2 protein chains.
Amino acid sequence: MNETTVGGMKFVLDLSQPLYEQVLAQVRSSIAKGEIALGEKIPSVREMAQGLKINPNTVMRAYQELERDQLTETRRGQGTFITTDSEKVRTIRYRLAEEAVDEFLAKLGSLGFTASEVAAILRSKGGEAR
Amino acid sequence: MNETTVGGMKFVLDLSQPLYEQVLAQVRSSIAKGEIALGEKIPSVREMAQGLKINPNTVMRAYQELERDQLTETRRGQGTFITTDSEKVRTIRYRLAEEAVDEFLAKLGSLGFTASEVAAILRSKGGEAR
DNA sequence: TAAGTGTATTATATCACTTAATACACATAG
DNA sequence: CTATGTGTATTAAGTGATATAATACACTTA
């Protein structure tokens with residue numbers, strides 16, 4: 001596993017997905033899990049780019065999407081900071097969860113599984129989400 | 001909704017995903033749900049391409065993946081037919097379901113949801129998968 | 001003033017996807 | 001045998017998203 005740590009956050013990047021989406025998802029995950037404190041500064045665009053060995057523009061793209069979701073606030077000349085509003089984090093977290101659920105149910109629905117079948121499958125694997 | 005019907009199967013294509021994947025998924029869905037009978041012939045590559053207004057090569061790509069999964073058998077000069085082996089269909093159906101479950105649990109796990117939380121969310125929306 | 005922030009711009013390269021145009025091998029109806 | 005309809009292969013071209021590179025500018029702080 002090609003694992004890198006930048007600013008206290010772990011990153012695993014591959015080529016199966018756009019890099020900016022992976023960076024976005026993994027920073028967001030750190031925020032959602034509370035692995036990074038509210039109000040805390042995250043690495044600068046250039047730092048992150050160097051640490052991950054990718055282009056600053058690619059990091060920028062991820063950072064801008066974080067700000068669009070109001071998970072971060074950027075202060076010109078200072079850096080990018082996690083929001084101090086815990087309600088924002090909660091909201092985004094549940095929004096993303098709901099999207100995942102909808103997509104999941106749609107996919108299983110298209111395969112002809114009923115709700116109770118889905119529940120049964122999940123019960124047999126449910127131990128995996130901590 | 002840009003809906004088209006070809007060979008008794010409904011198709012909705014958009015630009016959010018590769019066309020060949022959408023065709024693949026929607027034919028597969030028809031098979032999994034039993035909307036199309038085992039052994040039945042599906043539209044020829046050219047027919048399907050014309051009906052969906054896409055390139056024959058794109059349809060080919062979808063059809064070849066169906067055959068690789070052994071959901072179809074192709075007979076040169078005759079056409080493409082749904083497998084007569086119901087066990088094959090069952091197998092693929094569960095494989096796809098399992099993949100979807102794993103992906104889903106991984107995603108919610110990365111958002112810091114526990115198994116019981118996932119179960120709770122699903123219970124509140126479970127009515128949607130038939 | 002210098003160094004470190006976010007941000008914008010322009011250019012280039014690469015890759016997946018899609019289309020287009022042909023051509024070939026095979027099966028079947030006439 | 002011929003015509004038509006199958007799957008299949010090949011080559012070429014175009015498009016769009018992604019990523020990199022190089023540079024510049026506005027702002028903050030030590």
Side-chain angles (χ1 to χ4, degrees), chain A residues 2 4 6-9 11-27 36 39-84, chain B residues 2 4 6-9 11-27 31 36 39-83:
Chain A
N2 193 1
T4 318
V6 184
M9 293 181 284
F11 292 89
V12 182
L13 301 182
D14 57 66
L15 300 174
S16 71
Q17 246 187 326
L19 293 176
Y20 79 92
E21 283 189 11
Q22 297 180 55
V23 174
L24 166 63
Q26 288 172 41
V27 173
I36 192 168
E40 193 165 318
K41 183 176 180 300
I42 64 177
S44 76
V45 169
R46 291 171 180 82
E47 256 184 300
M48 183 64 85
Q50 228 175 3
L52 299 179
K53 295 184 185 129
I54 63 179
N55 196 276
N57 294 334
T58 305
V59 176
M60 258 307 285
R61 190 163 173 185
Y63 277 23
Q64 285 179 332
E65 198 142 338
L66 285 171
E67 200 193 13
R68 215 174 309 130
D69 282 352
Q70 299 182 300
L71 284 177
T72 60
E73 291 162 11
T74 63
R75 302 178 207 144
R76 214 192 181 91
Q78 297 185 54
T80 303
F81 302 81
I82 306 298
T83 180
T84 54
Chain B
N2 194 1
T4 318
V6 184
M9 294 181 284
F11 291 89
V12 182
L13 301 183
D14 57 66
L15 299 174
S16 70
Q17 247 188 327
L19 293 176
Y20 79 91
E21 282 189 11
Q22 298 180 52
V23 175
L24 166 64
Q26 289 172 39
V27 172
I31 301 175
I36 191 169
E40 194 166 316
K41 182 176 181 298
I42 65 178
S44 77
V45 170
R46 291 171 181 83
E47 256 184 300
M48 183 66 84
Q50 229 176 3
L52 299 178
K53 295 184 185 127
I54 63 179
N55 195 278
N57 294 334
T58 305
V59 176
M60 258 306 286
R61 190 161 174 187
Y63 276 24
Q64 285 178 333
E65 199 142 337
L66 284 171
E67 200 193 12
R68 215 172 309 128
D69 283 351
Q70 299 181 300
L71 284 176
T72 59
E73 291 163 12
T74 60
R75 302 178 206 146
R76 214 190 180 92
Q78 296 187 54
T80 303
F81 301 81
I82 307 300
T83 181

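Per chain, numbering begins at 1; letters A, B, ... match sequence-line order. Model, not experiment: these values are computed from the prediction.
D/dT6 atom C1' lies 10 Å from atom CD of B/Glu47, rounded to whole Å. A straight line from CD1 of A/Ile42 to P of C/dT5 spans 12 Å, rounded to a whole angstrom. Regarding B/Met48, its CE atom lies at a distance of 16 Å from the C1' atom of D/dG5, rounded to whole Å. Rounded to an integer number of Å, the gap from CD of B/Gln50 to C1' of C/dA20 is 15 Å. Put simply, NZ on A/Lys41 is 12 Å from C1' on D/dT29, counting in whole angstrom units. When the P atom of D/dT10 is taken as reference, atom CE of B/Met60 falls 11 Å away, rounded to whole Å.
Atom CD in A/Gln26 sits 9.5 Å away from atom OG1 in A/Thr4 (nearest 0.5 Å). A distance of 12.5 Å separates CG of B/Leu19 from CG of B/Leu24, quoted to the nearest 0.5 Å.
A/Gly7 approaches A/Pro43 most closely through the heavy-atom pair CA-CG, 3.7 Å. When all heavy atoms of A/Thr83 and A/Glu73 are compared, the pair lying nearest together is OG1-OE2, 3.8 Å. Of all the heavy atoms in A/Lys41 and A/Gly79, the pair that sits closest is CE-CA, 4.2 Å. Taking each heavy atom of B/Phe81 and B/Gly39 in turn, the nearest pair found is CD2-O, 3.7 Å.
Within 4.0 Å of B/Glu73, counting heavy atoms only, lies no atom of the nucleic acid at all.
Between A/Ser44 and the phosphate of C/dT5, there is a side-chain N or O to OP1/OP2 separation shorter than 4.0 Å. Between A/Thr80 and C/dG6, a side-chain N or O to OP1/OP2 separation shorter than 4.0 Å is present. Put simply, B/Gln64 has no side-chain N or O that comes within less than 4.0 Å of OP1 or OP2 on D/dG7.
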One pair to check against side-chain contact (heavy atoms from CB on, under 4.5 Å): B/Phe11 and B/Val6. What are the steps and the verdict? CA-CA 8 Å; B/Phe11 291 89; B/Val6 184; 4.2 Å; yes
Along nucleotides 24-30 of chain C, 5' to 3', which nucleotides get a B, which get an S, and which get a -, given that the test is a protein heavy-atom distance under 4.0 Å? -BBSS--
Protein proximity profile, nucleotides 13-20 of chain D - base contact B, sugar-phosphate-only contact S, no contact -, cut-off 4.0 Å on heavy atoms: -----SSB
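Between the side chain of B/Thr72 and the backbone N or O of B/Glu67, at least one donor-acceptor pair lies under 3.5 Å. Under a 3.5 Å cut-off, the side chain of B/Asp69 and the backbone N or O of B/Leu71 do not form any donor-acceptor pair.
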